[in-house]
Amino acid sequence: MSGSNLETRSLLDELRSFDKGGFLDLGHPLLNRIAESFVKAAGIGAIQAVSREAYLTAVESVDGDATTGGSTEIGAPKRQHRFPDLRGESNRKSVEALVKNTGIESMQWGLAAGMYSGVTYGLKEARGVHDWKNSLMAGAVTGAVLALTTGEHSHEQVVQCAITGAAISTAANLLTGIF
């Protein structure tokens with residue numbers, strides 16, 4: 001027992017090590033970057049989806065009407081559950097619908113983040129520089145692909161999402177040094 005080389009590490013030590021080398025090692029920096037971005041964004045997407053549904057359920061239980069979301073003003077926007085199947089015949093079916101739909105949404109978030117990160121990294125390696133042009137292209141590609149993941153998509157929607165993705169990622173890149 002005295003010759004054991006086991007190291008005791010606390011949870012805090014484990015979390016600190018993520019900042020240094022990441023928590024995944026898939027053998028290539030591109031794969032590591034895509035996987036880490038996917039995992040982080042998927043977690044955020046899941047939390048966002050569950051918290052939104054919890055809020056809408058709470059508002060509905062107070063007001064008794066899911067379509068108005070508590071606003072009785074004329075012309076007020078209607079709030080609807082993003083997951084309409086949540087109203088199962090039993091609690092079990094509702095939980096199953098919540099888990100299924102949260103998984104779908106977290107997958108979309110993860111795919112978008114992984115794709116953006118991978119395209120940005122690939123362009124940086126190919127061009128030898130990381131600048132606003134890489135962000136513009138990565139945002140446009142990610143926006144277009146994200147639009148294609150929706151059930152019903154049109155040419156205009158794909159173009160709008162590509163332009164929006166390009167604008168947001170370029171602005172974020174340009175504003176990085178300012179804030």
Side-chain angles (χ1 to χ4, degrees), residues 15 17-56 59 67 69 71 75-86 97-179:
L15 292 175
S17 71
F18 289 158
D19 293 335
K20 296 176 187 166
F23 56 92
L24 295 171
D25 186 13
L26 301 175
H28 191 277
L30 174 62
L31 295 176
N32 293 344
R33 186 171 178 161
I34 291 171
E36 288 181 15
S37 297
F38 178 90
V39 169
K40 290 175 185 177
I44 293 169
I47 292 168
Q48 189 264 344
V50 170
S51 62
R52 179 186 57 239
E53 284 305 311
Y55 168 76
L56 291 174
V59 167
T67 58
S71 180
K78 292 183 179 183
R79 296 181 190 160
Q80 295 181 358
H81 286 272
R82 177 135 173 171
F83 308 142
D85 298 335
L86 217 53
L98 177 67
V99 170
K100 177 184 173 189
N101 292 317
T102 300
I104 290 170
E105 189 161 335
S106 65
M107 190 70 115
Q108 286 177 331
W109 279 64
L111 287 173
M115 175 174 283
Y116 178 79
S117 182
V119 172
T120 303
Y121 180 85
L123 288 172
K124 178 184 172 194
E125 292 297 311
R127 295 182 64 229
V129 65
H130 177 69
D131 59 1
W132 66 271
K133 295 173 189 175
N134 292 359
S135 295
L136 180 123
M137 288 304 299
V141 168
T142 303
V145 171
L146 196 58
L148 292 172
T149 64
T150 61
E152 299 175 14
H153 54 273
S154 64
H155 176 320
E156 290 82 18
Q157 184 182 13
V158 172
V159 171
Q160 286 176 348
C161 288
I163 291 170
T164 303
I168 290 171
S169 62
T170 303
N173 183 285
L174 294 174
L175 295 174
T176 299
I178 296 174
F179 296 105

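Across all their heavy atoms, Asn134 and Arg127 have their closest contact at OD1-NH1, 2.6 Å.
Here OH of Tyr121 is found 9.5 Å from CG of Leu31. Values are rounded to the nearest 0.5 Å. Taking CD1 from Ile44 and CD from Glu105, the interatomic distance works out to 12.5 Å, rounded to the nearest 0.5 Å. Note that CD of Glu53 is 7.5 Å distant from OG1 of Thr102, once rounded to the nearest 0.5 Å.
No donor-acceptor distance shorter than 3.5 angstrom exists from the side chain of Thr142 to the backbone of Gly139, with no hydrogens or angles considered.
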Pairs of donor and acceptor atoms involving the side chains of residues 159-173, under 3.5 Å and at least two apart or interchain, shall be tabulated with distances.
from   : atom 1 : to     : atom 2 : distance (Å)
Thr164 : OG1    : Gln160 : O      : 2.8
Ser169 : OG     : Ser135 : O      : 2.6
Ser169 : OG     : Gly165 : O      : 2.9
Ser169 : OG     : Ala166 : O      : 3.3
Thr170 : OG1    : Ala166 : O      : 2.7
Asn173 : ND2    : His130 : NE2    : 3.3
Asn173 : ND2    : Ser135 : OG     : 3.0

Anything under 3.5 Å between a donor and an acceptor, one on a side chain of residues 111-120, the other on a protein residue two or more places apart or in another chain? List them.
from   : atom 1 : to     : atom 2 : distance (Å)
Ser117 : OG     : Arg33  : NE     : 2.9
Ser117 : OG     : Ser37  : OG     : 3.2
Thr120 : OG1    : Tyr116 : O      : 2.7

